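Keep in mind that this is a model prediction, so the values were computed, not measured. Naming: A, B, ... by sequence-line order, numbering from 1 per chain.
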Number of protein chains: 2
Amino acid sequence: MPASKRDQLLATAERLFYEQGFHATGIDRIVAAAGVVRMTLYNHFPSKEALVAAVLKARHERFIASLEAAMAAAAPGQKTLALVEAHGHWLERYSQHGCIMAKAMGEFAEHSTEIHALAAAAKTDLLARLEAAVARDGLDHHAGLARRLFMVLEGSNTAVALLGVQTALADTRAVTDALLATARSETP
Amino acid sequence: MPASKRDQLLATAERLFYEQGFHATGIDRIVAAAGVVRMTLYNHFPSKEALVAAVLKARHERFIASLEAAMAAAAPGQKTLALVEAHGHWLERYSQHGCIMAKAMGEFAEHSTEIHALAAAAKTDLLARLEAAVARDGLDHHAGLARRLFMVLEGSNTAVALLGVQTALADTRAVTDALLATARSETP
DNA sequence: CTGCATTTAGATAGATCGGTCTATACAGGA
DNA sequence: TCCTGTATAGACCGATCTATCTAAATGCAG
């Protein structure tokens, strides 16, 4: 079953937006790389902004699905750690050159409220799932733990791009372990 | 002494690039906001890319100067903490909407090797200074400490934009304290 | 006052931008 | 077979992009 033209456009646009930036990637380059014609894009998406929104939504759904799968497979009490590890796996496979949501927030901050809000919501969604994992692991008595882990994951996005995957993920694990050890040592 | 036209251009371009992005900010908007004419810009900078490079260099120099000043004023053994605090001050005053170097890396990754390298060098420069501070505080037996602190600072860049300055800086201090406490508890 | 460098105003260039339009080709289902 | 939805090819639009050019005005130093 070959991918639909719409899926080809989404995948191509995601790659180009991620590699070259949103404003620097023109419609012509997207349709040429996707092997379709200009009107096909506008047949599926009413505007470039709508295409950007669809790309971000689809990517975030895949991201969340991989996190949820890892958490579901993790033993009780290990949900938080599984989430952090799954985040690392995602960086390794799909996001070695910075977070696309962070890039979108930067490029659309004063240019499209909708896109900026969408990207910001993706980030706070990760935070919310971290909070849920911390609660399921019985660590939510440690106020702000999820927020601190979130900050570490955000830092690992940049660290991967600057220091390489191996180093960045090892450091992420180390800091995560330290934070979790502190949280577990405190009796509720 | 009024600012020179060149300085006006640098300051205006820095603000617009930071708020609206690099590719989304046109030459016309920069010169209009700076109150000069287009040829004045091209009289001082050979191209937009050169203007971007000059903006990033000037901003990084100011950033490093404020870090160095804080470190110089800090008591012995407190250099690392002073550097982290100075970074927080910088975020609070000038960088509440994400790191301009990270934005530049995202927008110029496949568009200008020079700009991308410049922004990446600014980031690794911060890491190098963290390593120097850790060494001066006698904590360099704790392998990777500087790298982990660096990752936390990178995360705080994003956290400030998403969770607000107060929360992000408090979390940064908390994680930093935890990492430093662990390092200090290990005898060299 | 003169001379030089800077700044101004504005036209201009060629390329690219996002987006629209028409006419044609082609597929699969009724 | 015909009909409908989708894709194609390509012209076209106005706007904007970076960059260059000329000619006049301005300001400051010698």
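Counting any heavy atom pair closer than 4.0 Å across all strands shown, B:His23 reaches no nucleic acid atom.
Following rounding to the nearest Å, A:Asn43 (CG) and C:dT22 (P) show an atom-to-atom distance of 15 Å. Atom-to-atom, NE2 of A:His44 to P of C:dG19 comes out at 16 Å; the value is rounded to the nearest Å. Residue A:Tyr42 contributes atom OH, which lies 11 Å from atom P of C:dC17 at whole-angstrom precision. Here D:dT6 presents its P atom at 16 Å from CD of A:Gln8, a figure rounded to the nearest Å. Atom C1' of nucleotide D:dT16 and atom CD1 of A:Ile27 are separated by 15 Å, given to the nearest angstrom. Note: NZ (B:Lys48) to P (D:dT16) measures 15 Å, nearest angstrom. At whole-Å resolution of the value, CZ in B:Phe45 and P in C:dT7 are 11 Å apart. Counting to the nearest Å, the C1' atom of D:dT20 and the CG atom of B:Leu41 are 13 Å from each other.
For A:Glu49 and A:Ser112, the side-chain atoms include at least one donor-acceptor pair closer than 3.5 Å.
The listed nucleotides are C:dT7, D:dT18, C:dG19; the one nearest the side chain of B:Lys5 is C:dT7. Of the listed nucleotides (D:dA19, D:dC17, D:dA7), D:dA19 has the atom at the smallest distance from the side chain of B:Ser47. When each of D:dA7, C:dC17, D:dT18 is scored by its nearest atom to the side-chain atoms of B:Asp28, the top-ranked nucleotide is D:dT18.
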task: For A:Leu67 and A:Trp90, run side chain to side chain contact (heavy atoms under 4.5 Å, CB included): C-alpha distance rounded to whole Å, both residues' side-chain angles, the deciding distance at 0.1 Å, then the answer.
output: CA-CA 9 Å; A:Leu67 293 191; A:Trp90 176 270; 5.7 Å; no
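For B:Arg38 and B:Arg6, each mapped to the nucleotide of DNA chain C holding its nearest heavy atom, the one lying further toward the 5' end belongs to B:Arg6. Checking A:Thr25 against A:Met39, the closest nucleotide of DNA chain C that is more toward the 5' end is the one next to A:Thr25.
Cation-pi geometry between A:Arg129 and A:Phe150 is not met: the NZ or CZ atom fails to fall both under 6.0 Å from the ring centre and inside 45° of the normal.
A:Thr40 has a side-chain polar atom (N or O) that falls below the 4.0 Å cut-off from OP1 or OP2 of D:dT8.
Follow the hydrophobic side-chain contacts under 4.5 Å out from A:Tyr18 and you never reach A:Val160; the two are in separate clusters.
Aromatic ring centres of A:His23 and B:Phe22 lie farther apart than the 6.0 Å criterion allows.
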